[in-house]
Amino acid sequence: MDEKDLVALNAMVLGYVQHGLAEEGFILVEQMQKLDIKPDVVTWNTLISGFAQACDEVMVSKLFELMLMNGVEPDAFSWTSVISGLVQNVQIEKALDTFKQMLQHGLYPSSATISSLLSACATMANVRLGRKVHGYAVVIGVEEDIYVRSALVDMYAKCGFISEARVVFYKMPEKNTATWNSMIFAYANHGYCNEAIELFNQMEKAEENKLDHLSFTAVLTACSHAGRIALGHSLLLLMQEKYKIVPRLEHYACMVDLLGRAGKLSEAYGMIKTMPVKPDLFVWGALLGACRNHGDIYLAEIASRHLAELEPQNNGNNMLLSNVYADTQNWENVAKFKKLMKRKKLRRFSGCSWVEAA
DNA sequence: CTAGGGTTAG
């Protein structure tokens with residue numbers, strides 16, 4: 001067997017995995033083994049990463065066994081792939097457990113492992129654990145890694161510690177697009193809209209940073225929270241004309257939110273009707289939320305109907321519509337809804353907070 | 001040729 005064959009095989013497996021076709025990648029590897037091409041650690045890890053992202057725990061364990069049977073030891077890439085797959089699929093407990101197992105197997109976590117763990121802490125809004133991971137990153141010498149630092153900015157922000165996010169951000173000698181985006185989102189999501197917009201402007205001036213679709217999602221979020229309608233519209237144009245970024249659903253959702261919050265419900269609905277992509281639940285949800293705040297029953301019913309189609313299992317949408325009726329004193333409809341929900345044996349989702357109780 | 005950070009509504 002030729003080394004070039006293996007590199008080509010690995011590239012093909014990676015291609016499958018990147019397109020969400022881990023199964024195809026696995027079949028290819030099996031076929032190659034019959035042709036006496038022995039997969040190496042890279043091949044196995046690529047497959048593990050694919051099945052971990054697809055949440056296929058059975059295949060992941062099978063791959064660990066298979067690689068051992070073929071005389072290849074799982075390494076830090078193998079374990080980190082599993083951890084990151086679990087974090088991406090919001091299986092945080094399992095991710096932390098897998099991290100423990102990784103350490104028990106005597107493997108050393110890398111900066112990639114740490115950034116995945118920080119992302120897990122952000123998802124849970126668990127700043128106590130986040131600080132531990134931060135300290136651990138310092139100890140093993142990966143704290144200066146740009147991924148780790150961007151993950152720290154995001155983790156502190158999502159846990160509600162904006163000033164600590166800011167400290168990490170401004171300490172960073174080098175930042176990239178994701179770093180800036182994390183900080184703009186941090187400001188926008190905590191009501192520091194002017195700071196978010198200002199930071200976006202700085203990012204645009206700093207030539208070395210490329211703005212991407214998420215930079216615009218972040219700044220549009222700030223615009224909508226601050227009621228900056230004119231700025232939102234001009235940014236939506238700037239994005240397309242100067243940066244050649246095609247607006248995505250999330251940009252439209254921000255615009256609908258922006259118009260809706262300001263009470264311009266028919267303009268918001270007009271945007272939904274003219275947008276070139278099919279509106280998703282965020283877009284309709286933004287409209288429904290605005291209808292609640294402004295007591296528009298007519299549009300609320302339209303939005304609810306679309307939401308019911310898009311996510312029939314989510315009873316929160318019905319609750320919102322019911323709240324619109326209640327707010328506008330339409331008690332007959334409130335009663336109608338309560339009956340409907342009782343019939344469907346639905347219960348209101350219990351509330352949850354992103355910020356851990358102190 | 002393998003793992004990592006940032007996503008919109010109530």
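Per chain, numbering begins at 1; letters A, B, ... match sequence-line order.
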Which part of the nucleic acid, if any, lies within reach of [X] when heavy atoms closer than 4.0 Å are counted: base, sugar-phosphate only, or nothing?
X       : value
T46(A)  : sugar-phosphate
L152(A) : nothing
L14(A)  : sugar-phosphate
T80(A)  : base
S110(A) : base
D212(A) : base
I146(A) : base
Q18(A)  : nothing
T221(A) : sugar-phosphate

Between [options], which nucleotide gets closest to the side-chain atoms of [X]?
X       : options                : result
N45(A)  : dG5(B), dT2(B), dA9(B) : dT2(B)
S119(A) : dC1(B), dG5(B), dT8(B) : dG5(B)
V42(A)  : dG5(B), dA3(B), dC1(B) : dC1(B)
N10(A)  : dG4(B), dG5(B), dC1(B) : dC1(B)
A151(A) : dG5(B), dT8(B), dG4(B) : dG5(B)

[X] [atom1] - [N] [atom2] separation (whole Å):
X       : N       : atom1 : atom2 : value
L281(A) : dT8(B)  : CG    : P     : 12 Å
D75(A)  : dC1(B)  : CG    : P     : 17 Å
L287(A) : dG10(B) : CG    : P     : 11 Å
W284(A) : dT8(B)  : CH2   : P     : 20 Å
Y187(A) : dT7(B)  : OH    : C1'   : 20 Å
I83(A)  : dG5(B)  : CD1   : P     : 12 Å

*Quick check, are the ring centers of W44(A) and F26(A) under 6.0 angstrom apart?*
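Not close enough - the centres of the two rings lie 6.0 Å or further apart.
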_Centroid-centroid distance, W180(A) to F169(A), less than 6.0 Å_ =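 For W180(A) and F169(A), the ring centres are under 6.0 Å apart.
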Donor-acceptor pair under 3.5 Å, [X] side chain vs [N] base:
X       : N       : result
N293(A) : dG10(B) : no
T113(A) : dG4(B)  : no
D145(A) : dG4(B)  : yes
S49(A)  : dA3(B)  : no
T179(A) : dG5(B)  : yes
S116(A) : dG4(B)  : no
S150(A) : dG5(B)  : yes

Within the pair [X] and [N], is there a side-chain N or O less than 4.0 Å away from OP1 or OP2?
X       : N      : value
H225(A) : dA9(B) : yes
K158(A) : dG5(B) : no
S84(A)  : dA3(B) : no
R292(A) : dA9(B) : no
Q53(A)  : dT2(B) : no

*asked:* Suppose we screen for ring pair (Phe, Tyr, Trp, His ring centres under 6.0 Å). Which residues come up paired with F200(A), at least two apart in sequence or across chains?
replied: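 Checked F200(A) against ring pair (Phe, Tyr, Trp, His ring centres under 6.0 Å); matches are F216(A).
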_Less than 6.0 angstrom from the centroid, inside 45 degrees of the normal: does R131(A) satisfy that with respect to the ring of F161(A)?_
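Geometry flag: set, cation within 6.0 Å and 45°.
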*Out of curiosity, M271(A) CE to C254(A) SG, how far, rounded to the nearest 0.5 Å?*
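If I round to the nearest 0.5 Å, the distance is 11.0 Å.
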*L265(A) versus C291(A), closest heavy-atom pair with distance*: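 The answer is CD2-N, 4.2 Å.
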*May I ask whether F282(A) stacks on the base of dA9(B), given the cut-offs of 5.5 Å between ring centres and 30° between planes?*
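A stacking contact does not exist, since F282(A) is not both close and nearly parallel to the base ring of dA9(B).
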*Which residues pass the side chain to side chain contact (heavy atoms under 4.5 Å, CB included) test with V138(A), sequence neighbours left out?*
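Partners of V138(A) under the side chain to side chain contact (heavy atoms under 4.5 Å, CB included) test: H134(A), E143(A).
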